[in-house]
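I have placed the structure first, in the form of structure tokens, so that the comments after it can refer back to it.
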Amino acid sequence: MRIGSAASAVARLQPILADKLAAGGLRDLFEKVELPLTVVLGEMEANGFLVDTAVLAGLAKELEQQLAGILDEIYRKAGTEFNVNSPKQLSEVLFEKLKLAPIRKTKTGYSTDEDVLTQLALQHELPAEILNYRSLSKLKSTYVDALPLLVHAETGRLHTSLNQTVTATGRLSSSEPNLQNIPVKGEWGGRIREAFVADPGAVLLSADYNQIEPRILAHLSQDPVLIGAFVRGDDIHAATAAEIFSSPVAQITTDMRRVAKTVNFGIIYGISPYGLSAQLGISQQEAKKYIEAYFTRFQGVKTFLDRTIAEAKQNGYVTTMLGRRRPIPELRSGDPTQQGFGQRMAMNTPIQGTAADVIKLAMLAVSRRLVAEGATAKMILQVHDELIFEMAETEVERVRKIVVEEMERAVSLAVPLKVDVGVGKNWRQAHP
DNA sequence: GAACTCACG
DNA sequence: ACGTACGTGAGTTCT
């Protein structure tokens, strides 16, 4: 791509108007967003993410020791030695040797996943040790041991592939290595993120959209109650709890907020009494009551989701704000299970896909502003609702302003878009 | 290569 | 009676 002429400099400063794009449909989506974004993605891949392999090497030693100790304890509690990484062998120990009651079946046997082991932990000491072993083993094999092997010999950095033609919703995916699933939870997650660093003299800046999917739901549905909550700047889960439980926000407990947060996630995933009941560990009858209470208060959301499913059935596809389409043939299936799949896809895709549209527009806008203003900051990663940049410490404040401004005004919705920013020498510190 | 599990948003 | 929360990528085991 040739750059630098006066004409192209002006062209790069033309904002992309989302409403115009939406009217233009698929061709504009491709020509105005996806094609130019390939250039930005190529730059990000080339920029790469610096990883301090000495930090990872230290973690590997610590984890090795921890795992050895846990393994001893597992063998003691099981009364036998076996391959803990083998669900088949673990299943024999739990359900045959120890006679614990199976919770759920898989295609080939009894499930031993996290949910199952958490329930079994109420009856025996072994499952909790297995869970502990599994979580640390996952971090060691997938991240601490694997990532250093992918550091590029010449740049000394990790260069992921940012794929734009993989997902069904319009999100990016990241592979070889996947840098969109780097651990964040818990002590060890934080310590792994400390290995993702800025160059000496530089810092990382992370900017993420606050509650982008519920905000997009508010916009797409035009629900006045949901819009009101975001316009006032309310805590959305507490506000949802207040509606569901018909109670003042001041009287919302931690537990009520937790339920409301799960309901909000459920709505975005394509709600069903079964799914919500499994997630909250309650009966389907109780889950159904929460869903009914939600839709009584947020009638605009109910109408929107019903209309989205009906249109999807009629058209054979759903669309995002910028006109991206996802075919949903499952909706015309005779199989009720397949129809259920189709309904949840129909509810989720416009929300998840519009969020993907928004951050893509933001990436183009930020990229253009950084060039236009002569900033040397580099965009190095996108994690669905988060953008990560690396820059000289001297230009942090200027870049922070540009990034927040361009992300928040990437599109104009019925509710404000809010961006949180963090800065630091490593990804843990920079995470807002 | 399928199955299972689990890391992220 | 039964069952799946949405979207991904990768490591390990086993066929």
What nucleic acid atoms does [X] come within less than 4.0 Å of, heavy atoms only: base, sugar-phosphate, or nothing?
X	answer
A:I351	nothing
A:G340	nothing
A:T349	nothing
A:S272	base
A:N83	sugar-phosphate
A:E386	nothing
A:R326	sugar-phosphate
A:A355	nothing
A:E114	sugar-phosphate
A:A356	nothing
A:M345	sugar-phosphate
A:T262	base

Closest listed nucleotide, where the reference is the side chain of [X] and the choices are [options]:
X	options	result
A:S141	C:dA5, B:dC4, C:dG11	C:dG11
A:N348	C:dA10, C:dC14, C:dG7	C:dG7
A:Y269	C:dG9, C:dG7, B:dG9	B:dG9
A:P87	C:dC14, C:dA5, B:dT5	B:dT5
A:I271	C:dA5, B:dA7, C:dA10	C:dA5
A:T108	C:dA5, C:dA10, B:dA3	B:dA3
A:F341	C:dC6, C:dC14, B:dA7	C:dC6
A:P183	B:dC4, B:dA7, C:dG11	B:dA7
A:D385	B:dT5, B:dG9, B:dC8	B:dG9
A:R171	B:dG9, C:dC14, B:dC6	B:dG9

Integer angstrom distance from the P of B:dA3 to that of C:dT4: 15 Å
When you compare C:dG3 with B:dA7, how far apart are their P atoms, in angstrom units rounded to a whole number? 25 Å
Quick check: do [X] and [Y] have side-chain heavy atoms less than 4.5 Å from each other?
X	Y	answer
A:S111	A:K105	no
A:L220	A:T354	yes
A:I359	A:H384	no

Atom-pair distance ([atom1] on [X]; [atom2] on [N]), nearest Å:
X	N	atom1	atom2	answer
A:L94	B:dT5	CG	P	11 Å
A:Q180	C:dG7	CD	P	16 Å
A:H384	C:dC6	NE2	P	16 Å
A:D113	C:dT4	CG	C1'	13 Å
A:N178	B:dG9	CG	C1'	11 Å
A:D335	C:dT4	CG	P	10 Å
A:R134	C:dA10	CZ	P	21 Å
A:Y110	B:dC4	OH	P	14 Å

Taking the nucleotide of DNA chain C with the nearest heavy atom to each, does A:E176 or A:T169 sit closer to the 5' end? A:T169
Please check the phosphate of [N] (OP1 and OP2 only) for any side-chain N or O of [X] closer than 4.0 Å.
X	N	answer
A:N85	C:dT13	yes
A:T142	B:dC6	no
A:T112	B:dT5	yes
A:T106	B:dC4	yes
A:S111	B:dT5	yes
A:K185	B:dC8	yes
A:R344	C:dC6	yes
A:T337	C:dG3	no
A:N181	B:dG9	no
A:Q339	C:dT4	no

So, does the side chain of A:Q284 form a donor-acceptor pair with the base of C:dG3 at under 3.5 Å? yes
Tell whether A:K138 reaches the base of B:dC6 with its side chain through a donor-acceptor pair below 3.5 angstrom. yes
Please check if any side-chain donor atom of A:R325 sits under 3.5 Å from a side-chain acceptor atom of A:N315, or the reverse. no
For the residue pair A:Q180 and A:Q382, confirm or rule out a side-chain donor-acceptor distance under 3.5 Å. yes
For A:F341, does the six-membered ring have the charged nitrogen or CZ of A:R344 within the cation-pi criterion, i.e. under 6.0 angstrom from the centroid and within 45° of the normal? yes
Considering the options A:R171, A:K32, A:R324, which one meets the salt bridge (charged side-chain N to carboxylate O under 4.0 Å, His left out) requirement together with A:D357? A:R324
Can you classify the ring geometry of A:F95 versus A:Y110 as parallel (below 30°), tilted (30 to 60°) or perpendicular (above 60°)? perpendicular
Indicate yes or no: does A:R191 engage A:E194 in a salt bridge with an N to O separation below 4.0 Å. no
Looking at C:dA1, which nucleotide sits across from it as a Watson-Crick or G-U wobble partner, both distances under 3.5 angstrom, or is there none? none
